[in-house]
Asks: 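Encoded as structure tokens, here's the structure I'll be asking about.
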Amino acid sequence: MEKTSIVLIAIALFISITGLYWLLTRGYAEKANGKKMWLQWGTRTYYWQGVLYFSGAMTVIIMSLLKWFNVFSF
């Protein structure tokens, strides 16, 4: 498999995980922080930082598992 296709798969996987995690946790995060705090820029920055860390870690884990199961050969 070409290197560019592996990168495109990783990017698509990262975006998918980010969107799914955002859909599942957005309401909880807003409710836990309160409406007034959620409107502040800093609160949402920390939330998105956590979303991106989680998505990055899950992407690395899934790509490693796919390599381990010999789906990819990079």
Asks: Drop me the distance from Thr18's OG1 to Ile15's CD1, to the nearest 0.5 angstrom.
Replies: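 Here the rounded value is 7.5 Å.
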
Asks: Applying the side-chain contact (heavy atoms from CB on, under 4.5 Å) criterion to Ile11, which one of Ile9, Val7, Leu13 satisfies it?
Replies: Val7

Asks: Would you call Leu65 and Val71 a side-chain contact if the rule is heavy atoms closer than 4.5 Å?
Replies: no

Asks: How long is the span from the CZ atom in Phe72 to the OG atom in Ser5, to the nearest 0.5 Å?
Replies: 7.5 Å

Asks: Hey, any chance Trp48 and Leu23 share a hydrophobic cluster, counting ILVMFWY side chains that come within less than 4.5 Å of each other, even indirectly?
Replies: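 Yes, Trp48 connects to Leu23 through the hydrophobic network.
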
Asks: Taking only residues two or more places apart in sequence or in another chain, which ones pass salt bridge (charged side-chain N to carboxylate O under 4.0 Å, His left out) with Lys31?
Replies: none

Asks: Got a second to check how far Phe54's CZ is from Thr59's OG1, nearest 0.5 Å?
Replies: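 Going from CZ on Phe54 over to OG1 on Thr59, the span is 9.5 Å.
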
Asks: Measure the spacing between CZ of Arg44 and CD of Gln49 and express it to the nearest 0.5 Å.
Replies: 15.0 Å

Asks: What closest approach, in Å, do Thr43 and Met37 show between heavy atoms, and which atom pair accounts for it?
Replies: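 Looking at all heavy atoms of both residues, the shortest contact is OG1-O, 3.0 Å.
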
Asks: If I take atom CD1 from residue Ile61 and atom CG from residue Leu66, how far apart are they, to the nearest 0.5 angstrom?
Replies: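 Separation between the atoms: 12.0 Å.
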
Asks: Do Ile6 and Met63 come close enough that some side-chain heavy atom pair is under 4.5 Å?
Replies: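 Yes - at least one pair of side-chain heavy atoms lies under 4.5 Å apart.
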
Asks: If you take all heavy atoms of Ser55 and Phe14, which pair is closest and at what distance?
Replies: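 Answer, listing the atom of Ser55 first, then Phe14: CB-CE1, 3.5 Å.
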
Asks: How many angstroms lie between atom CG of Leu8 and atom NZ of Lys3, to the nearest 0.5 angstrom?
Replies: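 Reported value, rounded in 0.5 Å steps: 13.0 Å.
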
Asks: Please work out whether the ring planes of Tyr47 and Trp38 are parallel, tilted or perpendicular, with thresholds of 30° and 60°.
Replies: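 If you compare the ring of Tyr47 with that of Trp38, the planes turn out perpendicular.
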
